[in-house]
2 protein chains.
Amino acid sequence: MNQLLQNLSIQLNEKIYLKNPSSSDLGNRIVSESVLMIDELGLEQFNFKKLATRLNTAESSIYRYFDNKHKLLIYHVSWFWTWMEYRLVFSTANVHDPYEKLRLALENIASPIEGFEKVAGINMHALERIIVNESSKAFLTKEVEQENKDGFFRAYKSFCHRIEGFIKQIDPSYPYANALVSTTVDGIQMQKFYAEHLPALTDFTHREEKIPQMFYRLIIQSLAS
Amino acid sequence: MNQLLQNLSIQLNEKIYLKNPSSSDLGNRIVSESVLMIDELGLEQFNFKKLATRLNTAESSIYRYFDNKHKLLIYHVSWFWTWMEYRLVFSTANVHDPYEKLRLALENIASPIEGFEKVAGINMHALERIIVNESSKAFLTKEVEQENKDGFFRAYKSFCHRIEGFIKQIDPSYPYANALVSTTVDGIQMQKFYAEHLPALTDFTHREEKIPQMFYRLIIQSLAS
DNA sequence: TTGTTTTCGATAGTATTACTATCAATTTTG
DNA sequence: CAAAATTGATAGTAATACTATCGAAAACAA
């Protein structure tokens, strides 16, 4: 499976980029190297000039692929959730019990790397940290509604929708399935951040394995009523 | 009560500002007007030059109060959660049932304005939107650990800690009380954002009253086990 | 293999942002 | 009334976020 997915090419909404970065060597290097740099510097300190220097290319060449760093972030976030949805579909393909599918989904969200250190040249540990630290900045903007119309958040919504399906299988009458899923997916990311940086706001320590258990229990108990 | 709280002056961690904005007319105008401007423009488009123009003052005068707009955001966020904790203490003062205290807390978080349109010159509707749209940017930075040591997030942690107390009263053995509270408080903000901008990720529509009910049920069922 | 198109790197330039420094005028305070 | 603090105005710097142009190199098509 790992081998199979090494060759996977993820196609994203064309409006996110100016020129498809997976169509050229430079494009692929922009994507994989920017993941490392955004992780290292944080989104605020990262810019195209620094990336160009590191790639031994010109700033203007990077602008040929992406309008700005905001769009590049949206590219990374979309790529991640598209990948996560593939992963979820594969890992739940032969599972019929919706409780077990839900449990697997939460494990995947809490530990998205397990066995996939590098996918299509991307350092997945760095990308996971970008999702935790930076991804909410992709939609907490004044442009969110226009960008939503342009389909920039399709990947995340599609991933959540799939988990919503598991919940509807468990309890078709639960009235807040969408909210429960987005709260859970966002909440798991947040608990990872708190575990690392603001421990007073969580009960999980650094590299704690219990996050999916907490959320699984939370969901099941609320549905089981 | 409303009248009583009009005269309330909230004192915050002195490291957040260079000169206490509540000590002068200009300082108070910087605070109250920046709430309106950040709400209108979004944090990215907001800057001290635009604020200075609107206040008919010099950019350099604003820099005498705050290092930069990041610190000003931290000021607003700290002020909000300090205010919310006051409010929570007042509204639960004569309530002894921890379930009812929790229920009131969730109502307060979901509808923090109710009867307090303006507090100490601050437009609370605008401030609430800033909390929803911008507050996570205050800590999703590379400087989070240093700023945490400097006490910049004390107000939020203190607010969460108080709700954790209610949960511990209901079920002292629940192992994830901190995580449950931060997930809930963050989650309620997120659902408000989704209701407004990304409806596919929530079940609540614009100005929906059911958000606290969903979270109350979620918490109670997980504790009641 | 030659001509055409695409891609890339290099350079230059602009407007805006995020500050810092200085100084005189005004206001507050002791 | 004198001293101290505060403010407003101006100027300036370094970095950021782009945009435009152009020639060389690479890819590709006939």
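Residue numbers begin at 1 in each chain, while the letters A, B, ... track the order of the sequences. Being a predicted model, the structure only gives us computed values, none of them experimental.
- Around atom CD of A:Glu114, no more than 12 heavy atoms belonging to other residues, nucleotides or ligands sit under 6.0 Å away.
- Residues A:Tyr194 and A:Phe204 keep their aromatic ring centres 6.0 Å or farther apart.
- Within 6.0 Å of CD in B:Glu40 there are more than 12 heavy atoms belonging to other residues, nucleotides or ligands.
- Two residues are said to be in side-chain contact when any heavy atoms from C-beta on lie closer than 4.5 Å; B:Lys71 and B:Leu18 fail this criterion.
- When rounded to the nearest whole Å, the span between CG of B:Asp67 and P of C:dA18 equals 14 Å.
- Relative orientation of the B:Phe139 and A:Phe193 rings is tilted, given thresholds of 30° and 60° on the angle between their planes.
- Ring centers of B:Trp83 and B:Phe116: under 6.0 Å apart, within the cut-off.
- In the helix from C:dT1-D:dA30 to C:dG30-D:dC1, the terminal helix axes, each the rotation mapping four pairs' C1' atoms onto the next four within five end pairs, subtend 30°, rounded to 10°.
- Within a 6.0 Å radius of NZ in B:Lys210, no more than 12 heavy atoms belonging to other residues, nucleotides or ligands are found.
- Side-chain contact between B:Glu14 and B:Asn20: absent, with no pair of heavy atoms (C-beta onward) separated by less than 4.5 Å.
- Checking the phosphate oxygens (OP1, OP2) of D:dT6, no side-chain nitrogen or oxygen of B:Tyr65 falls inside 4.0 Å.
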Any chance you could lay out the salt bridge (Lys or Arg N to Asp or Glu O under 4.0 Å) test for A:Glu44 and A:Lys137, step after step, and finish with the verdict?
-> CA-CA 11 Å; A:Glu44 287 72 26; A:Lys137 298 170 193 169; 3.1 Å; yes
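- Taking the six-membered ring where the residue is Trp, A:Phe66 and A:Tyr75 present perpendicular rings, their angle passing 60° and hence far from 30°.
- Rounding to whole angstrom units, CZ of residue B:Phe66 and P of C:dT20 are separated by 16 Å.
- Only A:Thr57, A:Ala58, A:Ser60, A:Ser61, listed by number, bring a heavy atom of residues 31-61 of chain A to less than 4.0 angstrom from any atom of DNA chain C.
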Using a 4.0 Å heavy-atom cut-off, write out nucleotides 24-30 of chain C from 5' to 3' as B (base contacted by protein), S (sugar-phosphate only) or - (no contact).
-> -------
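- Sorted by first and then second residue, the pairs that involve residues 36-58 of chain A and meet ring-ring contact (aromatic ring centres under 6.0 Å, His included), not counting sequence neighbours, are A:Phe48-A:Tyr63.
- Taking atom CG of A:Leu72 as the reference point, atom C1' of D:dA17 lies 14 Å away to the nearest angstrom.
- Contacts between residues 13-29 of chain B and DNA chain D, defined by a heavy-atom separation below 4.0 Å, involve B:Lys19, B:Ser24, B:Leu26, listed by number.
- In this structure, the side chains of B:Ser91 and B:Asn108 come closer than 4.5 Å at one or more pairs of heavy atoms.
- Atom OH in B:Tyr63 sits roughly 17 Å away from atom P in D:dT13 (whole-Å rounding).
- The salt bridge (Lys or Arg N to Asp or Glu O under 4.0 Å) analysis of residues 179-191 of chain A, with sequence neighbours excluded, yields no pairs.
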